[in-house]
Amino acid sequence: MSILGWLSEPSPGRGVWFAGERDGWERVEYAELAEDARAVAADLAARGVGRGDVVAIALPGSRDGLAALFGAWAAGCCTTMLPVPGYGAGAEYTAHTAAILEQARPAVTFADAESAPLLEGVTEVSEVRRDGGGTGTVREPGRIAVLQFTSGTTRSPRAIQVTWDNMVANFAVLYRWMEWKDGDGMASWLPFNHDMGLLACVMTAARQGDLWLMRPDQFIRGPERWLSSLGPGKAAHAGAPSFGFGYVARRVRPEQWAELDLSGWRTAIVGGEVPDPGALRAFAAAAAPSGFDPAVIHPAYGLAENTSAVTAGAVGRPGRVVRPDWDKMQFGEPVRILETGRLLPPPGDLAPDAADGAGWLAGQGRPLPVDEVEVEIADAEGAPLPEGSLGEIVITGRSVADGYVGDEPFGGLLRTGDAGFVHDGDLYVLGRMGDSLKVRARTVYVEDLELKAREAAGLNRLAVVSMSDGGRPGIAVFAESEPGPWADKVTQALRTELGPDPEIAVIAGERGLIRRTSSGKPQRRAMWQLWSAGKLPGTRLI
């Protein structure tokens with residue numbers, strides 16, 4: 001499958017709809033976008049930038065952003081998509097982006113007027129030039145297509161090397177799973193630096209389907225505009241984290257739902273975080289007057305280290321939820337399932353469902369339909385566990401990326417660091433094992449939280465570990481100290497950083513509470529396992 005073939009033979013009558021600054025859409029045909037990309041490729045070639053060089057792109061969902069992305073690929077370059085600054089961005093954005101650029105070492109950095117001032121002193125910024133005529137030719141690319149950075153916070157981004165073979169494999173299986181048809185369209189508000197935003201959504205251009213693009217800030221201001229791009233004659237597919245669906249349910253008014261026709265929406269991919277069944281139920285209930293079929297909602301599991309998608313619910317098969325016995329859940333042991341249910345009731349069913357309430361997990365489907373993809377659950381040593389056991393999710397297949405820059409390659413086998421189990425064939429994901437957690441589709445690393453906690457507490461002998469508490473992401477703060485006012489200060493500092501959603505547990509204990517390696521680093525994964533199994537005696541939960 002060619003991802004760049006459309007640059008030479010764009011389909012007439014199809015293109016991208018870019019959201020206007022205030023309202024409406026501007027449509028640009030693929031023939032014009034192909035000229036844009038070839039013009040950028042010619043500009044890069046004139047600068048001596050080509051095969052294997054890195055081009056960094058800090059541009060939102062815009063015409064310039066697409067031109068820079070496909071133009072860099074057409075020039076044979078590797079791309080890395082930088083985050084774009086949000087409201088109030090400043091020193092933290094600059095520090096985070098500087099850490100990315102230090103690893104990526106781009107030959108050229110493209111940025112818009114909003115990002116450029118924040119990158120001064122970090123890198124030399126160029127404007128996208130797409131007015132030079134589409135005369136550039138599509139060159140043979142290097143082996144690495146994308147340096148995909150973990151989202152992280154200010155200090156911990158890591159560069160994942162995604163090859164062209166990875167891209168082609170994941171792209172093919174994802175679109176086969178969606179049962180993509182000629183003439184289908186995609187709608188997206190996700191940023192380009194998000195693996196789902198790039199692979200599942202922006203790559204619609206390679207399929208020559210109509211694409212509706214919004215920036216994240218436009219979605220926040222007017223989520224109903226995203227919905228307006230879905231339905232008969234428009235986009236049939238869209239994806240977002242579950243918090244995005246919950247946000248739509250809260251913000252869109254009943255009279256706005258009544259004006260929408262969502263009966264043509266065929267797949268709603270839910271990824272980027274452990275799905276929240278309550279948010280998805282709220283969305284399905286709010287969207288019912290618009291003809292929305294809840295059966296099109298498909299929680300999926302993916303991560304940048306596997307290019308993007310790993311598992312998803314089968315099209316036409318209702319999603320499932322389970323309520324495990326959280327108190328007796330232990331790493332490496334079978335998970336006891338107390339109840340099972342449907343993720344969403346069928347249309348018109350307003351009866352209470354057993355799956356309402358806390359403590360439920362949504363299934364994230366099965367490995368996507370390609371023979372080379374395998375998902376196993378492994379113990380702490382990497383040995384496979386029987387179905388139904390809690391362990392680490394391990395992936396093999398063509399979509400597994402090369403590895404992190406500067407580290408040993410993955411070799412086609414990825415130990416994800418995510419904990420989960422398989423029940424009745426479906427994968428259930430609890431979250432990260434000790435070193436990070438997902439908060440509103442953003443990966444937050446515990447090293448960053450640990451620094452903030454130490455500053456707030458005035459303690460050095462303190463460690464932060466991620467966990468899952470009753471199906472919700474959370475963190476445990478372990479301190480080798482007597483209980484005191486420091487605990488409230490830590491909680492307040494972390495709540496400011498994480499928001500209201502994650503659970504925060506503060507645990508005090510004696511010296512030796514924090515398990516460490518021979519070099520003195522906290523053994524977070526081991527502590528996650530001990531904490532989840534209730535095997536940390538002599539501690540006090542504050």
Side-chain angles (χ1 to χ4, degrees), residues 271 273-275 299-306 309-313 320-338 340 359-368 372-397 399-401 403 408 410-438 443 445-446 465-476 503 515 517 522-536:
E273 62 182 5
V274 176
Y301 171 64
L303 66 170
E305 288 85 347
N306 191 63
V310 178
T311 66
R320 305 295 298 174
V321 290
V322 300
R323 188 169 68 85
D325 187 343
W326 293 98
D327 293 335
K328 296 182 180 179
M329 192 178 291
Q330 295 190 31
F331 195 87
E333 298 296 327
V335 176
R336 182 180 176 221
I337 303 299
L338 301 177
T340 64
W360 290 83
L361 280 175
Q364 292 177 254
R366 304 178 181 192
L368 290 170
E372 302 96 304
V373 173
E374 292 186 8
V375 175
E376 287 187 339
I377 305 298
D379 63 16
E381 284 70 45
L385 289 167
E387 179 168 331
S389 300
L390 175 65
E392 182 178 8
I393 300 169
V394 179
I395 304 165
T396 56
S399 293
V400 173
E408 291 293 320
F410 293 149
L413 184 149
L414 176 63
R415 296 190 62 168
T416 65
D418 285 334
F421 61 91
V422 175
H423 175 75
D424 195 22
D426 284 337
L427 178 67
Y428 291 82
V429 182
L430 273 69
R432 300 294 293 169
M433 295 170 50
D435 60 355
S436 66
L437 71 160
K438 284 285 185 74
T443 302
Y445 289 90
V446 295
V465 177
S466 71
M467 61 178 186
S468 181
D469 184 6
R472 293 178 61 190
I475 58 169
E503 294 292 322
R515 273 47 174 182
T517 66
Q523 292 181 310
R524 302 183 202 279
R525 187 171 299 183
M527 293 179 71
W528 185 94
Q529 295 168 11
L530 291 168
W531 174 253
S532 64
K535 295 181 179 178
L536 283 176

Please report the closest heavy-atom contact between [X] and [Y], naming both atoms and the distance.
X	Y	answer
V446	S466	CG1-N, 3.9 Å
A309	L368	CB-CD1, 3.4 Å
E376	P384	OE1-CG, 3.9 Å

Problem - salt bridge (Lys or Arg N to Asp or Glu O under 4.0 Å) involving D426 - partner list, sequence neighbours excluded - result: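 For D426, the residues satisfying salt bridge (Lys or Arg N to Asp or Glu O under 4.0 Å) (neighbours in sequence not counted) are R317, R366.
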Exercise for the section: Identify, with sequence neighbours excluded, every residue that meets salt bridge (Lys or Arg N to Asp or Glu O under 4.0 Å) alongside D325. Expected result: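 Result, salt bridge (Lys or Arg N to Asp or Glu O under 4.0 Å) vs D325: R336.
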Hey, what do you get for [atom1] ([X]) to [atom2] ([Y]), rounding to the nearest 0.5 Å?
X	Y	atom1	atom2	result
E503	M467	CD	CE	7.0 Å
D424	T340	CG	OG1	8.5 Å
F410	T396	CZ	OG1	13.5 Å
Y428	R320	OH	CZ	7.0 Å
F331	D379	CZ	CG	7.0 Å

Problem - I377: side chain to side chain contact (heavy atoms under 4.5 Å, CB included) partners, not counting sequence neighbours - result: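 I377 satisfies side chain to side chain contact (heavy atoms under 4.5 Å, CB included) with L385, I393, V422, L427 once adjacent residues are dropped.
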Problem - Sequence-distant partners of A362, side chain to side chain contact (heavy atoms under 4.5 Å, CB included), two or more places apart - result: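 Applying side chain to side chain contact (heavy atoms under 4.5 Å, CB included) to A362 gives P275, P277, V321, L343.
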Exercise for the section: If a pair satisfies salt bridge (charged side-chain N to carboxylate O under 4.0 Å, His left out) and one of its residues is in residues 383-392, list it, with sequence neighbours excluded. Expected result: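 Qualifying pairs, neighbours excluded: E392-R415, E392-R525.
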Indicate yes or no: at least one non-hydrogen side-chain atom of [X] is less than 4.5 angstrom from one of [Y].
X	Y	answer
V322	V335	no
L413	V400	no
L361	L430	yes
V375	Y301	no

Practice task
Could I get the full list of side-chain hydrogen bond (donor to acceptor under 3.5 Å, both in side chains) partners for E305, not counting sequence neighbours?
Solution key: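 side-chain hydrogen bond (donor to acceptor under 3.5 Å, both in side chains) list for E305, sorted by chain: Y404.
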Exercise for the section: Walk me through it: do L303 and I395 pass the test side-chain contact (heavy atoms from CB on, under 4.5 Å)? Expected result: CA-CA 11 Å; L303 66 170; I395 304 165; 3.9 Å; yes
